[in-house]
Amino acid sequence: MKKETLDKLDINERARVRSVEPLSPMYRRLLDLGFVRGSTVECVGKSPSGDPSAYLVRGAVIALRSEDARGIEVSFCEELEVEN
């Protein structure tokens, strides 16, 4: 089964974080930024070249390179509730 990863999100698409690749060099930093299991993430923009992309997570907009976003496994959802 192919993993769904954050880099696959299109602009205005939302997903929920399932896990972060523990061997990623950015592992600890991604967790600190709010990419933890259960968090809702929305792609809010992409650079003209397509890399990096901007993601809204826990009220902050974070830019990530595709290689770092590929280390975040997500579940795509049609409708997600807004986090409080």
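Hydrogens, waters and symmetry mates play no part in the numbers below; they use all other heavy atoms, side chains included.
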Legend entry - Pairs involving residues 38-56, ordered by first then second residue, that meet salt bridge (Lys or Arg N to Asp or Glu O under 4.0 Å) (sequence neighbours left out):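 Of all non-adjacent pairs touching residues 38-56, those that pass salt bridge (Lys or Arg N to Asp or Glu O under 4.0 Å) are Arg14-Glu42.
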Inset, instruction - Please list all pairs passing the salt bridge (Lys or Arg N to Asp or Glu O under 4.0 Å) test where one or both residues lie in residues 21-31, with sequence neighbours left out. - result: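 Every pair satisfying salt bridge (Lys or Arg N to Asp or Glu O under 4.0 Å) with a residue in residues 21-31: Arg28-Asp32.
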Inset, instruction - Say whether Phe76 and Ile72 are linked into one hydrophobic cluster, either directly or through other cluster members, by side-chain heavy-atom distances under 4.5 angstrom. - result: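 In one cluster with Phe76: Ile72, yes.
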Inset, instruction - Please confirm whether the backbone N or O of Arg18 pairs with a side-chain atom of Arg37, one donor and one acceptor, at under 3.5 Å? - result: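 Judged by distance alone, yes, a pair lies under 3.5 Å.
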Legend entry - Main-chain N/O of Gly34 paired with Ser39 side-chain donor or acceptor, under 3.5 Å: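 Yes, Ser39 side chain to Gly34 backbone: donor-acceptor pair under 3.5 Å.
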Legend entry - Under 4.5 Å side-chain linkage, directly or through intermediates, the cluster mates of Val44: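 Joined to Val44, directly or through intermediates: Leu56, Val61.
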Inset, instruction - Among Val57, Val41, Asp68, find the residue that satisfies the side-chain contact (heavy atoms from CB on, under 4.5 Å) test when tested with Leu6. - result: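 The passing option is Val41.
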Legend entry - Distance in Å, Glu67 CD paired with Asp7 CG, rounded so as to fall on 0.5 Å steps: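 Here the interatomic distance stands at 11.0 Å.
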Do [X] and [Y] touch side chain to side chain, with heavy atoms closer than 4.5 Å?
X: Val20; Y: Leu31; result: yes
X: Leu64; Y: Leu30; result: yes
X: Val36; Y: Arg58; result: yes

Inset, instruction - Only counting residues at least two apart or in another chain, list the ones meeting side chain to side chain donor-acceptor pair (under 3.5 Å) with Arg70. - result: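 In terms of side chain to side chain donor-acceptor pair (under 3.5 Å), with neighbours along the sequence ignored, Arg70 is linked to no residue.
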Kindly give the heavy-atom pair with the smallest separation between [X] and [Y], and that separation in Å.
X: Ala69; Y: Tyr55; result: CB-OH, 3.9 Å
X: Ser66; Y: Gly50; result: OG-O, 4.3 Å
X: Leu9; Y: Cys43; result: CD2-N, 3.7 Å

Inset, instruction - Not counting sequence neighbours, which residues clear side chain to side chain contact (heavy atoms under 4.5 Å, CB included) with Ser47? List them please. - result: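 Ser47 satisfies side chain to side chain contact (heavy atoms under 4.5 Å, CB included) with Ser49, Pro52 once adjacent residues are dropped.
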